[in-house]
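Please read the structure below before turning to the comments.
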Amino acid sequence: MKLLDLNRHGGIGASCHLVQLGDVRIIIDCGLHPKLTGAEATPDLSPLDGLEVDLIIITHCHLDHIGSLPLLLRRQLRAPVVMSSSSALLLARMLHNSVSVMERQREEQSRGDLPLFTHEEVDRCAQRFHSLAFGQTRKISGAKDDVEVTLHPAGHVAGAAGVELRHKGRHIFFSGDVLFEGQRTVPGARFPAGRFDTIVLETTHGATEPVAGRTRESEINRLLDTVNHTIARGGSVLIPVFALGRHQELLTIFHDARENRRLAKCPIYSSGLGIDLCDYFDDVARKTSHVHFSRSVLKALKVQQTPRKLIPGVDPRQNGIYLVSSGMVVERTPSYLVASCLAGHAHNTIAFVGYCDPDTPGGALLASHNGDKFLFAALDTEVKLACQIERFNLSAHAGRDELMDFALRRDPRAIVLNHGDPEARAWFAEEFARSAPHIKVTDPTPLTPVEI
Ligand SMILES: [Zn+2]
Ligand SMILES: [Zn+2]
């Protein structure tokens, strides 16, 4: 297998791989870097010039896996785009949102290069989307070779898939973003048993030390206790979330908690794409068994629009729970504004429930201490940090020990490290060298082809 990582900045960013098996070429994902904008945020697609790709596979609908897909389809006019049936229901909606965000950036930041693609282009792209049911196999033929493609549920988020490729008796597996444990809204991964020749493994949590005795359930209880204490002392809670998946998961957790009288009485504020996607999740839940979600939770929780008149740095008058994106508190998002309002006041809490890149404002908040000055530069607001900042492990990515266990059970000849910061990849490289030195471990350099 020839593999080329097209994610120009490495790490977790614009996920995009070119895989060549015999004379069959497949692209897996084509994302957008969540912290960057414009061309810098896209994968480098120039190595594809003059090449015809036979198939494009989308593992799931997070922006770091789909955000540059229209640019790829502009260059590759024939290849069909294959994804799970849930992803097929969500993908165009996510891309349309991306266009709207880029149009806003164009106005607010005078970025003449944006948007990178238009709503019309997204509609044209959608005509090339094909759904492939989990467990069903699609054969792709080149001039000489055949490759069989099968998708398997990867947990993580609605419709997320691991990708199994078979070529000449070789058996290759891309984990994609994966969670083995079940969440309230999405069941855990169900990957095929048996041996894989090569595994391309996500490594998001390689540098995250597991805390003994903490389970998803105990973390949910700790989160509810923290929310209740904060509300009781007159404060507000910000929970920065990804709109796709985390948002609906947290709404469902709060709904169940309120039914069981485990959640304090207080308003829940939320708005934007996450709320809009509730309708899509409701639809996905009806049409597939991939998600357990009902949009009726919004009504039951009396979810309200985030107040429009929040002033940067000023504590909101009405305390409550703010469930807003982005999950990493990226500049010019609702969570960035709400964070600036809450951070300077001791009765408030910012509760992180997912992965935060260290270079984002969310990562910077997590690394800060009370009393530090924190600059919300995009709002021209500096605050002295006083609020409680907590992290809860409700991540949609598998822990490093589970990933090691999964990989070693499949007895692979080769492992390719993927989707992780350099420290995360280094942990896996060391761990494989220690526990299974016969396995060839590759950490590909972006834009440098490797033969596996
Ligand atoms: Zn993801
Ligand atoms: Zn990802």
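Read the numbers this way: they start at 1 and go in the same order the structure lists the ligands and their atoms. Since the structure is predicted, the reported quantities are computational estimates derived from the model, not experimental observations.
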Which N/O/S atom belongs to His419 and is the closest one to the Zn ion (ligand 2)?
->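 In His419, the N, O or S atom with the shortest distance to the Zn ion (ligand 2) is NE2.
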
Atom of Asp64 nearest the Zn ion (ligand 2) (restricted to N/O/S, atom name only) |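 Atom name returned: OD2.
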
2.8 Å cut-off met by an N, O or S atom of [X] to the Zn ion (ligand 1):
{"X": "Asp177", "result": "yes"}
{"X": "His397", "result": "no"}
{"X": "His60", "result": "yes"}

Under the side chain to side chain contact (heavy atoms under 4.5 Å, CB included) rule, what do Leu71 and Phe117 come out as? Steps first, then yes or no, please.
-> CA-CA 7 Å; Leu71 305 182; Phe117 47 88; 4.2 Å; yes

Looking at Arg410 and Asp405, does any basic side-chain N land under 4.0 Å from a carboxylate oxygen?
->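 No.
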
Under 2.8 Å: N/O/S of His62 next to the Zn ion (ligand 2) =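 Checking the Zn ion (ligand 2) against His62, no N, O or S atom falls under 2.8 Å.
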
Do His65 and His156 have their ring centres less than 6.0 Å from each other?
->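 Between His156 and His65, which both carry aromatic rings, the centre distance is not below 6.0 Å.
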
Phe352/Phe392 aromatic ring centres below 6.0 Å =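 No, the ring centres sit 6.0 Å or more apart.
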
Looking only at heavy atoms, which two atoms of Thr37 and Arg111 are closest? And how far apart?
->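 The pair with the smallest heavy-atom distance is OG1-NH1, 3.0 Å.
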
